[in-house]
Visitor: 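Pasting a structure here, questions to come.
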Amino acid sequence: MRDFYGVTLDNPLMLGTAQYPSPAVLEDAFRRSKASVATVSLRREGGEGQAFRDLIDRLGVHVLPNTAGCYSAREAITTAQMAREYFETDWIKLEVIGHGDTLQPDPFALVEATEALCADGFKVFPYCTDDQIIAERLIDAGCKVLMPWGAPIGSGIGLANPYALRTMRAAFPDVAMVVDAGLGLPSHAAEAMELGYDAILLNTAVAQADDPAAMAEGFALAARAGQLAANAGPMPVRDMAAPSTPVIGKAWL
């Protein structure tokens with residue numbers, strides 16, 4: 001099993017903490033799903049103060065601060081440094097947005113920020129696209145985790161390009177990988193895990209559901225099912241039918 005900078009997660013579900021109807025609903029979603037990681041934005045924390053920090057501490061999960069809303073390497077680096085001081089962790093989910101409509105990462109600024117943060121001792125979880133060249137640059141910069149998107153943030157599309165995700169997984173077999181963003185249904189989580197990914201990260205699909213806690217639990221169960229299937233060694237896909245009943249012993253008339 002691949003680890004995340006030396007940490008093995010009990011549950012492959014990572015949950016965001018934004019957009020929930022109330023703090024109580026957020027807490028219930030984490031309790032029911034048993035998510036192992038909570039992603040938190042420093043900007044969100046700054047607006048809600050100590051009460052939100054206390055809630056996150058009560059959850060008893062790994063905290064992964066993020067640089068959401070940053071549009072330059074400099075802005076992301078500064079935000080990461082502030083987050084490390086406030087949350088007392090070297091983990092950082094690095095987001096450097098390059099396109100306002102799709103929220104697609106800026107690959108050049110992402111690599112630049114990754115190099116600087118890894119050199120500064122951060123354990124970087126970079127939010128990236130499913131481009132293998134960018135992935136290789138991020139690994140060379142010091143990343144031991146990659147977080148390719150399934151689809152644009154908040155879209156609910158699912159895995160827009162399963163082929164790209166499958167080939168990325170195969171290209172870097174020793175690197176921990178998380179499908180991050182765009183998942184809308186638990187079935188999308190199962191599909192991602194069946195490809196051999198190590199975790200999934202989502203926020204909107206849970207926070208904006210009619211029953212966020214139930215949806216969070218559904219995603220957790222689906223992620224675990226996909227993980228079990230991947231570890232079990234799925235049967236190969238065939239072009240032709242293959243009978244499950246043996247021919248030996250069949251009566252010949």
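This one's a predicted model, so the numbers in the text were calculated from it and none came from an experiment.
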Visitor: Cation over ring, R58 on F30, under 6.0 Å and within 45°?
Guide: no
Visitor: Can you measure from OG1 (T129) to CG (L165) and round to the nearest 0.5 angstrom?
Guide: 10.0 Å
Visitor: Determine whether P12 and M193 make a side-chain contact, defined as any pair of heavy atoms from C-beta on separated by less than 4.5 Å.
Guide: yes
Visitor: Taking the side chain as everything from C-beta on, heavy atoms only, tell me whether E27 gets closer than 4.5 Å to S22.
Guide: no
Visitor: Looking at Y71 and D106, would you say the former's side chain and the latter's main chain have a donor-acceptor pair under 3.5 Å?
Guide: no
Visitor: Going from CG on L202 to CG on D180, what distance comes out if it is rounded to the nearest 0.5 angstrom?
Guide: 9.0 Å
Visitor: Which heavy atom in A216 sits nearest to a heavy atom in L15, and how many Å separate them?
Guide: CB-CD1, 4.2 Å
Visitor: Identify the heavy atoms of A220 and L13 that sit nearest to each other, and give their distance.
Guide: CB-CD2, 3.8 Å
Visitor: If you look at every heavy atom in I200 and A189, which pair is closest and at what distance?
Guide: CD1-CB, 3.3 Å
Visitor: So which atom in Y5 and which in K144 form the shortest heavy-atom distance, rounded to 0.1 Å?
Guide: OH-N, 3.0 Å
Visitor: Between R224 and Q227, do the side chains contain a donor N or O and an acceptor N or O under 3.5 Å apart?
Guide: yes
Visitor: Check whether any side-chain N or O of R137 sits under 3.5 Å from a backbone N or O of L110 as a donor-acceptor pair, and report yes or no.
Guide: no
Visitor: When you measure from the side chain of T17 to the backbone of T39, do you find a donor-acceptor pair of N or O atoms at a distance under 3.5 Å?
Guide: yes
Visitor: Within the side chain of N11, is there an N or O that forms a donor-acceptor pair under 3.5 Å with the backbone of K34?
Guide: yes
Visitor: Test K93 against L201 for side chain to side chain contact (heavy atoms under 4.5 Å, CB included), laying out the working first.
Guide: CA-CA 11 Å; K93 178 189 171 185; L201 193 158; 4.0 Å; yes
Visitor: Distance from C128 atom SG to Q104 atom CD, nearest 0.5 Å?
Guide: 10.5 Å
Visitor: Should S41 and N66 be marked as a side chain to side chain contact (heavy atoms under 4.5 Å, CB included) after you check the CA-CA gap, both sets of side-chain angles, and the distance that decides it?
Guide: CA-CA 5 Å; S41 169; N66 65 49; 3.5 Å; yes
Visitor: Rounded to the nearest 0.5 Å, how far apart are CG of L59 and CZ of R31?
Guide: 5.5 Å
Visitor: Is there a donor-acceptor pair under 3.5 Å between the side chain of D198 and the backbone N or O of M177?
Guide: yes
Visitor: Are C143 and T114 close enough that some pair of their side-chain heavy atoms sits under 4.5 Å apart?
Guide: yes
Visitor: Indicate yes or no: at least one non-hydrogen side-chain atom of P65 is less than 4.5 angstrom from one of T89.
Guide: yes
Visitor: Would you say CG of D57 has more than 12 non-hydrogen atoms from neighbouring residues, nucleotides or ligands within 6.0 angstrom?
Guide: yes
Visitor: Does any part of the side chain of D28, heavy atoms only, come nearer than 4.5 Å to the side chain of Y20, both counted from C-beta?
Guide: no
Visitor: Taking the side chain as everything from C-beta on, heavy atoms only, tell me whether P148 gets closer than 4.5 Å to Y197.
Guide: yes
Visitor: Closer than 3.5 angstrom, by distance alone: can the side chain of T67 be matched with the main-chain N or O of E95 as a donor-acceptor pair?
Guide: yes
Visitor: With rounding to the nearest 0.5 angstrom, report the CE to CG distance, M168 to L195.
Guide: 12.0 Å
Visitor: Which class fits the ring pair Y127 and W149: parallel under 30°, tilted 30 to 60°, perpendicular over 60°?
Guide: perpendicular
Visitor: Take D174 and R2 through the test salt bridge (Lys or Arg N to Asp or Glu O under 4.0 Å) and record every step on the way to the result.
Guide: CA-CA 7 Å; D174 298 325; R2 305 175 192 90; 5.9 Å; no
Visitor: Please check: side-chain N/O of N203 versus main-chain N/O of A18, any donor-acceptor pairing under 3.5 Å?
Guide: yes
Visitor: Measure the shortest side-chain to side-chain distance between V178 and F4 over non-hydrogen atoms and say whether it is less than 4.5 angstrom.
Guide: yes
Visitor: Measure the shortest side-chain to side-chain distance between R84 and I92 over non-hydrogen atoms and say whether it is less than 4.5 angstrom.
Guide: no
Visitor: Once you round to the nearest 0.5 Å, how far does CG of D90 lie from SG of C118?
Guide: 11.0 Å
Visitor: Are the side chain of R169 and the backbone of F172 linked by a donor-acceptor contact shorter than 3.5 Å?
Guide: yes
Visitor: How close do M215 and P186 get, heavy atom to heavy atom, and via which atoms?
Guide: SD-CD, 4.0 Å
Visitor: Check step by step if side chain to side chain contact (heavy atoms under 4.5 Å, CB included) holds for V175 and V145.
Guide: CA-CA 6 Å; V175 177; V145 177; 5.6 Å; no
Visitor: Would you say Q208's side chain and T204's backbone share a donor-acceptor pair under 3.5 angstrom?
Guide: no
Visitor: List the steps and the verdict of side chain to side chain contact (heavy atoms under 4.5 Å, CB included) for D3 and T8.
Guide: CA-CA 5 Å; D3 61 58; T8 301; 3.9 Å; yes
Visitor: Within the supplied structure, the quantity of interest is the number of heavy atoms (other residues, nucleotides, ligands) at a distance under 6.0 Å from F108 CZ; does it exceed 12?
Guide: no
